[in-house]
Amino acid sequence: MTANILVIGSGGREHSLAWALAGSPGVQTVWVAPGNGGMVSPGTEGSAPIAVAPVAADDGTGILRLCRDKAVTLVVIGPEAPLAAGLADHLRGHGLTVFGPGADGARLEASKTWAKQLMTQAGVPTAPGWVVTSRTEAMDLLHRLGRPPVVKADGLAAGKGVTVANTMAEAEAAVDRAFAGAFGRAGEKLVLEERLEGPEVSVLALCDGRDLVLLPPAQDHKRIGEGDTGANTGGMGAYAPVPFLDQQDLEHMRSAIFLPVLAALRERGIDYRGVLYGGMMLTATGPTVIEFNCRFGDPECQCVLPLLEGNLAAVLQACALGRLGEAPMLSTRGSRASACVVAAAEGYPGPVRRGDLITDTGSVNSGGMVFYAGVGSTATGQLRTAGGRVLASVGLGDNFDQAFDQAYNRLGQIHYTGKTARSDIGHQVRRR
Ligand code: AMP
Ligand code: GLY
């Protein structure tokens with residue numbers, strides 16, 4: 001393929017996508033809109049240039065114009081908001097080839113009540129749950145249950161819509177918050193569901209509407225504090241693959257969870273071409289879905305893509321065209337391990353410090369990779385902090401100790417005031 005690719009979004013996930021696509025054979029230029037200054041690359045031998053264009057993800061007309069100006073042949077949409085808003089539909093309607101579901105398929109993430117119904121009808125293992133549309137209904141249900149459930153706002157709530165209640169009082173408070181408007185319209189309906197126990201893994205499938213390929217599973221670290229304590233965040237680090245899942249486990253997830261969901265979508269007339277991200281809890285009775293997302297995970301994407309060998313651009317294009325069977329296979333780098341550590345700005349996940357100068361004392365030979373997220377550029381091209389999660393440092397190794405050493409060494413070469421990172425990412429798989 002000879003391609004100009006446009007990636008929509010501006011975070012670390014999109015930087016890693018742009019990097020992996022730029023390294024795919026046959027790619028001429030990767031554009032990112034709106035992107036960030038840390039992503040820009042002149043290209044090297046074996047890697048196409050990466051350029052950014054100041055067009056917002058919600059500017060459908062501007063994106064269409066950019067696609068035409070730059071002769072874009074494939075659009076890859078990163079975040080959930082433009083997917084849920086129908087950007088993929090808009091671009092497909094104008095003849096573009098798009099990796100990412102339409103607004104119909106994005107409901108899997110944008111409406112937890114809809115997703116729950118679909119999973120239940122498809123016979124997919126998921127926590128038992130109930131939909132409520134008023135405070136009275138919710139309180140009645142709580143009293144009938146007699147134990148605190150997990151309380152989830154129906155709509156997109158920037159990762160803040162879920163309360164894993166430890167007591168009835170916490171569950172009642174979460175219900176009150178939602179019906180008092182804390183999540184706007186996203187909280188007008190709630191799912192109350194049984195609390196599950198077990199390790200949590202993220203499994204990402206690349207789908208072409210009928211068929212799919214699973215990527216190596218990853219484990220994300222959602223809490224801000226060491227030892228998995230403190231407030232929930234978008235993700236402070238990740239590792240992949242997950243050593244306690246083998247090929248047989250993945251085959252089981254493929255046949256019992258992912259393929260039935262894709263089939264259930266198709267029965268509803270939904271041609272799902274994009275990432276199906278299963279957030280799974282490995283319970284005593286087997287893997288159980290706690291959520292689906294309609295996009296790559298962040299930071300799972302930064303962690304998983306460097307493990308892949310093969311032509312990612314050709315595979316995403318084949319998914320977008322509904323022809324995954326014709327795509328070259330992606331393989332994973334044997335038993336290699338990938339480690340990803342996020343550095344945030346001071347204050348994250350609350351209001352953050354901004355505008356601090358970022359310096360990098362590493363060199364081209366430092367090893368590891370840095371994917372930028374919440375950064376802005378000065379007039380002279382220097383990077384400054386401009387958001388919650390600032391960057392992700394990724395290391396690869398033959399084992400997790402090597403991979404984390406590389407990720408943490410590289411992270412140590414990047415400096416800014418207020419740099420905030422966990423030192424224990426991957427504690428489950430590190431020996432030192
Ligand atoms: P979500 O926004 O759906 O990813 O939920 C946020 C977090 O809440 C998940 O990553 C889980 O750790 C937790 N969670 C969600 N649903 C459940 C459940 N049914 N049981 C236990 N924990 C859950
Ligand atoms: N890392 C969790 C997510 O992307 O939803």
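Everything numeric in this text was worked out from a predicted model, so none of it was measured. Note that ligands are numbered from 1 as they come in the structure, with each ligand's atoms numbered from 1 the same way.
The nearest heavy-atom contact from the protein to atom 12 (O) of ligand 1 is E200 OE1, 2.6 Å. Nearest non-hydrogen protein atom to atom 22 (N) of ligand 1 is M281 CE, 3.9 Å. Protein heavy atom at the shortest distance from atom 19 (N) of ligand 1 is E193 OE2, 2.7 Å. The shortest contact between atom 2 (O) of ligand 1 and any protein heavy atom is with V162 CG2, 3.2 Å. Distance from atom 1 (P) of ligand 1 to its nearest protein heavy atom, with residue and atom name: E291 OE1, 3.4 Å. Regarding atom 23 (C) of ligand 1, its nearest protein heavy-atom neighbour is V164 CG2, 4.1 Å.
Residue G297 approaches ligand 2 through these ligand atoms, each under 4.0 Å from one of its heavy atoms: 4 (O). Taking every non-hydrogen atom of D220 and a distance limit under 4.0 Å, the qualifying atoms of ligand 2 come out as 1 (N), 2 (C). Taking a cut-off of under 4.0 Å to the non-hydrogen atoms of R295, the atoms of ligand 2 that pass are 3 (C), 4 (O), 5 (O). When each atom of ligand 1 is checked for a heavy atom of K222 under 4.0 Å away, the hits are 10 (O). Annotation for ligand 2: atoms under 4.0 Å from non-hydrogen atoms of E300 are 1 (N), 2 (C), 4 (O). For ligand 1, the atoms sitting less than 4.0 Å from at least one non-hydrogen atom of K112 are 2 (O), 3 (O), numbered in the order shown with element in parentheses. Numbered from 1 in the order shown, with element, the atoms of ligand 2 that lie under 4.0 Å from a heavy atom of N293 read 5 (O).
Looking at Y277 against ligand 2, only its side chain comes within 4.0 Å, counting heavy atoms. Neither the backbone nor the side chain of E200 has any atom closer than 4.0 Å to an atom of ligand 2 (non-hydrogen atoms only).
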Item to check | Evaluation steps, side-chain hydrogen bond (donor to acceptor under 3.5 Å, both in side chains), between Q117 and T113 | outcome: CA-CA 6 Å; Q117 278 157 4; T113 55; 5.7 Å; no
Next on the checklist: What verdict does the side-chain contact (heavy atoms from CB on, under 4.5 Å) test give for I77 and F99, after you've listed the backbone C-alpha separation in whole Å, the side-chain angles of each residue and the deciding distance to 0.1 Å?
Outcome noted: CA-CA 6 Å; I77 302 177; F99 181 82; over 6 Å; no
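Residue-to-ligand polar distances place E194 within reach of ligand 1: an N/O pair is separated by less than 3.5 Å. Considering both main-chain and side-chain atoms, L196 comes within under 3.5 Å of ligand 1 through a nitrogen or oxygen pair. For a threshold of 3.5 Å applied to N or O pairs, the pair formed by G234 and ligand 2 contains at least one separation below that value. Remark: ligand 2 and E291 share no N or O pair separated by less than 3.5 Å (distance only, no angle test). Between K222 and ligand 2, no N or O atom pair is found at a separation short of 3.5 Å.
Residues R422 and E226 are not paired through a salt bridge, judged by the lack of any N-O separation under 4.0 Å between the basic side chain and the carboxylate. Ion pairing of E346 with K419 is absent here, as no side-chain N (NZ or NE/NH1/NH2) approaches a carboxylate O to less than 4.0 Å. Between D356 and R353 there is a salt bridge, with a side-chain nitrogen of the basic residue lying less than 4.0 Å from a carboxylate oxygen of the acidic one. Using a 4.0 Å cut-off between charged side-chain N and carboxylate O, K222 and E200 make a salt bridge. A salt bridge links D271 with R273: at least one charged nitrogen is closer than 4.0 Å to a carboxylate oxygen. Using a 4.0 Å cut-off between charged side-chain N and carboxylate O, D405 and R410 make no salt bridge. Salt bridge annotation for E193-K116: present, with a cationic side-chain nitrogen under 4.0 angstrom from a carboxylate oxygen.
Proximity of the aromatic rings of Y277 and F292 is defined here by a centroid distance below 6.0 angstrom, and this criterion is not met.
For the pair R135 and F179, the cation-pi test (distance below 6.0 Å, angle within 45°) is failed.
At least one side-chain heavy atom of L316 sits under 4.5 Å from a side-chain heavy atom of L206.
Under the 30°/60° scheme for interplanar angles, the aromatic rings of F371 and H15 are found to stand perpendicular.
Residue contacts with ligand 1 include K152, since one or more of its heavy atoms lies under 4.0 Å from the ligand.
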